[in-house]
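Data block below; observations after.
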Amino acid sequence: MTDQNKAPNAGKVVIIGAGHNGLVCAAYLAKAGFEVNILEARHEVGGAAASHEFAPGYRVSSTGHLLYRLDEQVIKDLDLASHGLEMAASDLPTVALGSEGRHLKIHDDRITGEDVSREDRNAFMAYRERMLRFARIISGLDDKIPPRIASGERADNIGLGRLAWSIRRLGKKDMREFLRIAGINIYDVLEERFENELLKGALSLDGVLGTHLGPRSNNSVFTALHRLGGSVNGKQGAVAIPRGGMGAVSEALVKAVEALGVSILTGAEVGHVEIENGKATGATLVTGEIMPADYVISCADPKTTFLKLIGPRQLDAGMVRKVSNVRQKGNAAKLHLALDGLPKFTGLEAAQAGHRLVVAPDLEYVERAFNHVKYGEHSAHPVMEITIPSVHDASLAPEGKHVLSAIVQYAPYGPGSDSAGFEAQVMETLARYAPGIREQVVASELLTPNHFEDRFGNIGGHWHHAELALDQFLMLRPVAGAAQYAAPVDGLYLCGAGCHPGGGVSGQAGRNVAQLISGLDK
Amino acid sequence: MNNSRTNSNGGYDAIVIGAGHNGLANAAFLAKAGLRVVIVEKNPWIGGASVSRELHEGWIYSNCSYVCSLLRPEIYRALELAKYGLQVVPYGGSVTFTQDGNYFGSYVDEDVSRREMARFSERDADASLRYHADIMRQCRFIRQFLLRTAPDPTSLKPFDVKEMMHLGREFWKLGEDTLGDLIRFYTMSISDYLDEYFEHPVIKAAYAGSGIIGSALGVMSPGTAYVLLHHAMGEVDGSIGSWGFARGGMGAIAKAMAGCFEAHGGEIRTDAGVEQIIVKGGKVTGVALENGDEVHAPLVVSNLDVKRTFLQVMDEKDLDAEFVTKVRNFKIRGSSGKLNIALDGLPEFPALRGNPEMIRGDMHFIDSIERLERAYDDWKDGSWSKDPYVDLLIPTLTDPTMAPPGKHFMSVFVQYVPPKLTKNGVKGCDWTDEDRDAFGETVINQISKYSPNFRDLILHAEVRTPRELEAEVGLTEGNIFQGELTLDQLLFNRPIPGYAQYRGPVKGLYMCGSSNHPGGGVMAAPGANAAREILRDLRKPNTVPEGWLDD
Amino acid sequence: MKIIDYSDRDHYKTQAFQTPFHERAAAFNQKHCWGRWKDYITANTYYDTATEYFAARNACSVFDLTPMTKHRISGPDALDFMNRLVTREVGKIKPGRVGYTVWCNDAGQVIDDGTIFHLEEGVYRLCSQEPQIDWLMTSAIGFDVDIVDETHDVAGLAFQGPTTCAVLKLMGLEGIENLTPFGIAKFDLDGFELTVSRTGYTGDLGYELWVAPEHALTLWDRLFEAGALHGIRPIGSEALEILRIEAGFILAGVDFLPANEAVRPGRTRSPYELGLGWLVHLDKPYFTGKRALIKEKENGSRYVFAKLNIEGNKPAHQSFIFDKRQKFAGTVTSAAWSPSAKVNIALATLEAPHGKPGDQLLAEIYYQRELKWSRVMAPCTVVEGVFWDPPRKRETPPPDF
């Protein structure tokens, strides 16, 4: 059962949660010679990187449906292709759905569509190029342990120096622009550059998807850069659909870790981390069974890890306060439709139905959609990112049938979450672009942040576990003092989307933690 | 102050455009260094937005800025403003009225203040100590950079490297925890920030107001925690965060600065609006006035905001196209309005039940974060807030010089008021007089809800929307800070990256308005800092004081 | 009855409140020398500070400590909560006992010091200088506890001095002589409950008497009646200041800065740096600051808290301390002439490694005689024990005088 390359007996590791980060972490640690056990509370593995059958014969990605930042080194190192990971479609263009079929197609740095001016086309080329370059500053940090500031440690100073150098290397002009826009909002940045309302609306989605931000909220440029930092098949800023949905990523990872001798225990909910004299010694299941370990790694969201698994009693009160203040209320909902045929979007060729379709007609529309959620209500006119993955992957629906998967914003977390009322409004919005779609629906479901919390156990139902914003990034993610993956308890590590470098199926936190732990003895 | 035309064709070392407080401070420091300086001012009066005007007989209005805290004491002293008649009298306290007929007050006495807070939440009363300590930590850091020129992080010039290292050192000295808080402070919304301290909605609303004054941001917008800091970093007599009245209105500040300037040989020309800054051979040579006169000097300092400076009084052909684009993109958003009211007597606020302290300070009428945020939603939609945030003061309860005995002047600052309106779905409509009056009515109604006899006491009211502020004072869109206080427009980004050291893109041209670091609020620091840079370029002895380091 | 009702909208009309003892205290206060202590008016001195001081050391003294911040902590997790909050093992403070303690922030810096009264099984009262509700509520995340500020529900008198036990016996507190130091006993006094703890801030034999505010005047009257022939006297904060320095007790805001109020980096102190390492029980389960304190123990502290015996008689308030090579070694935080030890004494914060018992240092003292200021470099010695430590403070039963 053990791998040939495996160094013997580097130590015993328990990983809490078989989300993709946990699986990636397990694989690297197993390769480095650790004995790894993964404990998963649910009966399925993969966490939020999952696919599920929501109606007989219809499958979709349960949360995120586009892959855009899965660490390519991870794909290579774990040989995920040979374990079955395959893209049903890559490098999908975006279609910004316009009224009366006047759509815009955005692919790489090119825009096609009738209503877009030559100035906008040119400005977009420059914008795209610059944003990708700036995004590399952010993504350049992805595989690093976040440096601490003013710690006095050499490694931290080197890390900060490297960041400063990467900004400096942009050259005077771009460095100035980077320092100017990195902290502000996408609304202003787009308004400075473009005229076309539909274009601006569609581009603003990059800054607000999966967050509690409107286009006018500062921080939204940063989130756009975070999103644009990833690559698919070596192409930065591209998006892809895995064959079999997001669950296929997890399946490939499971095969990879199992081949490396990692054991995965499902239905094994951890009650708390076992701590003796300030050191983690294992994980205790809710059944009372103790799983001893030299290293315990939690892939849960920060609040769950600190307040439940470690527990306030093992922590400083100030740290507990900081963790309690982590903002992690999700705003993204997910609409799944089982359709008895390919929906017809006004003015959209059938060949384009498989593109990434976005409903964000203008900046004010997106901003207004956001307004509601500030007060705990769902958007009256939501924004959407739609895919019809069955166009690329026939396995997802019965023959001739289709599934539609849409990320819908904004839905509140908490008592204001009323998915029935919301679904009616979402369908109405959708029908504006695909008038006959209601009649095609065989089955549907709308998952709100509350559903995600119930299903995946992440408090707040936030896709990034913790809001992705400058005040919760790098050395402040999830909180200062625990941003270098090591929890305040010896032998315990954090490893989820709530850690650096945040969410999106990337596997980077998993890889970073594994490298941190395997580097400890050296 | 005079309208004399003597010396009109030269003999000047420098021309300062605009007699706002920064222009005056700048000119005074230059004059102190021995330069022959003339200030040209378009209005018949001086002071810009730091002004006192008799707009109703017997009443002096601080009709733009209305209270003083940020004015740097180093400048106060270096320009001998006391000698030239300035007196700043601190006031204490504030009140937030609640919709249920109650109020939450803040008092000068810290124990009374703590008990008042405990009336709403005992925990918040205690948490406020932690809050104030945390705010103070951030204030201490930023205050030391107010009278320093921001370094250019992209530059390798000795000055910039030296200043960057200084900045880095001071940054490092804060220690890891405070540094983390600093990053959070500059990027968070005031609403999220306050949630980390307080539980009671009224207390949060009372604190949050400072996070939006003068800004086109809502209390839930990331970046507003800094705006709050901007309002907390001033002082009166060493008491950080205190505010005061300039005796005789805010014009007293301009008047004292002008006194100092003129005592050092300076000349002020009013009714002398600038048509254009004259550029010849890549250098400024003077200004052409609207009346056709030209005034010449090798050095022109603009106290106008950056948009007005480069888009209105300069010829685009004298500027680089990319620079002009950046100026166009500069965010100077109109978000505030103002009512200046002459009152026949003191209005009653029944909720106070005669509490005499509460009416001496700032009065507010919004009692929840949500109401504050909805006021901002109106602005985003191109309308003035229907439930506006109001910062109301009655300076005449402290200052006996501004109205006849028993009568009062009331200053009502209003957030939010857009620069252009959306009418029937059409964006960007101009304000009309009817709109302005309807806006004034909205504000008067808001106050009347808490003071039934207020309306009947009004003898005269001046209602100012961004349109009036821009037309009269010249502030683009009526933005009180000459530019938004967001990360893209702070420190070395203010006003434009690469031009954050008071030097314009043309030789001999300088900028000294609040569009520059460290921003607005009647601080006079941009004017002083610009003077220091000018004197450095001229290799003249520096007359601008260093910041007082408080240990 | 609450002495101060926070819900009163017109509270602002009273800038400082009277304690329930005020009526009696005012009658004694011939100097009208009042000060403010948090919400209350208390006496700085009643008659003469030296006379008041000797009442405490020679007979018995009454000090109104009603304004002391008091929090009541109860609920199923009360003990666990207390143990996570403070540095010492609270489980060892049995019901009916009191323990002195400190509590720290995450960085192991002292937020405040105070006493824990284990009133009954699982019910604690935490007495401190500063309000703590924000920190207590923060510390309560994850604990099933009730925390109530009962500062204004309990009136208290510190009754200190060699004749106190005798007076309490006269007052009818049967068996009071058997109360051991840091013990709590309850008595019935004229039909109401009187709680007596053998605690104090003077380092001498003494008690603290706690009653509901409505019985405050009765307590005062009974006490003064019983003490009439035993030299009873009310004392103010000025006398108490000398008493506590002699006893080596620190004061928040004077000898250390509460960590929650610190603005400047490096101004706070750990328990080790305040000479309170004995209160830090690293072998108990986790408490806030423990990781930082373990680290400090390994790496050494920055400061040493020292008690100084200074030559001469010039009071060393705010003095700088130098070593023999005239290099800066620290500053005095509290100073007094000790009328009992007849020594010039001070509490000081010294930079490590200064401050070992027996270290010889110099105190730079500025003093004034007939408006003429002079400076003296007074030799001083770091002493180990406290300046006043009578055996009666530990004896049970204590002597009658």
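Residue numbers begin at 1 in each chain, while the letters A, B, ... track the order of the sequences.
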So, C:H152 and C:E150: side-chain donor and acceptor under 3.5 Å apart, yes or no?
-> no
Top contributor to chain C interface from A:L315, A:V320, A:L307 [non-hydrogen pairs under 4.5 Å] | A:L315
What part of A:V323 gets closer than 4.5 Å to chain C, counting heavy atoms only: side chain, backbone, both or neither?
-> neither
Check the side chains of A:E274 and A:T284 for a donor-acceptor pair under 3.5 angstrom, ignoring hydrogens and angles.
-> yes
Residue selection (most heavy-atom pairs with chain A, distance under 4.5 Å) from C:D80, C:T288, C:L85 = C:T288
Interchain contact, A:I275 with chain C, by part (heavy-atom threshold 4.5 Å) | neither
Can you tell me if C:T199 and C:E208 form a side-chain donor-acceptor pair at under 3.5 Å?
-> yes
Assess whether side chain to side chain donor-acceptor pair (under 3.5 Å) is satisfied between A:H465 and A:N458, documenting all intermediate values.
-> CA-CA 6 Å; A:H465 281 192; A:N458 54 332; 4.6 Å; no
So what's closer than 4.5 Å to chain A heavy atoms on C:F81: side chain, backbone, both or neither?
-> neither
At a heavy-atom separation under 4.5 Å, does C:D77 approach chain A through its side chain, its backbone, both, or neither?
-> side chain
A:A18 backbone acceptor or donor facing A:E40 side chain under 3.5 Å = yes
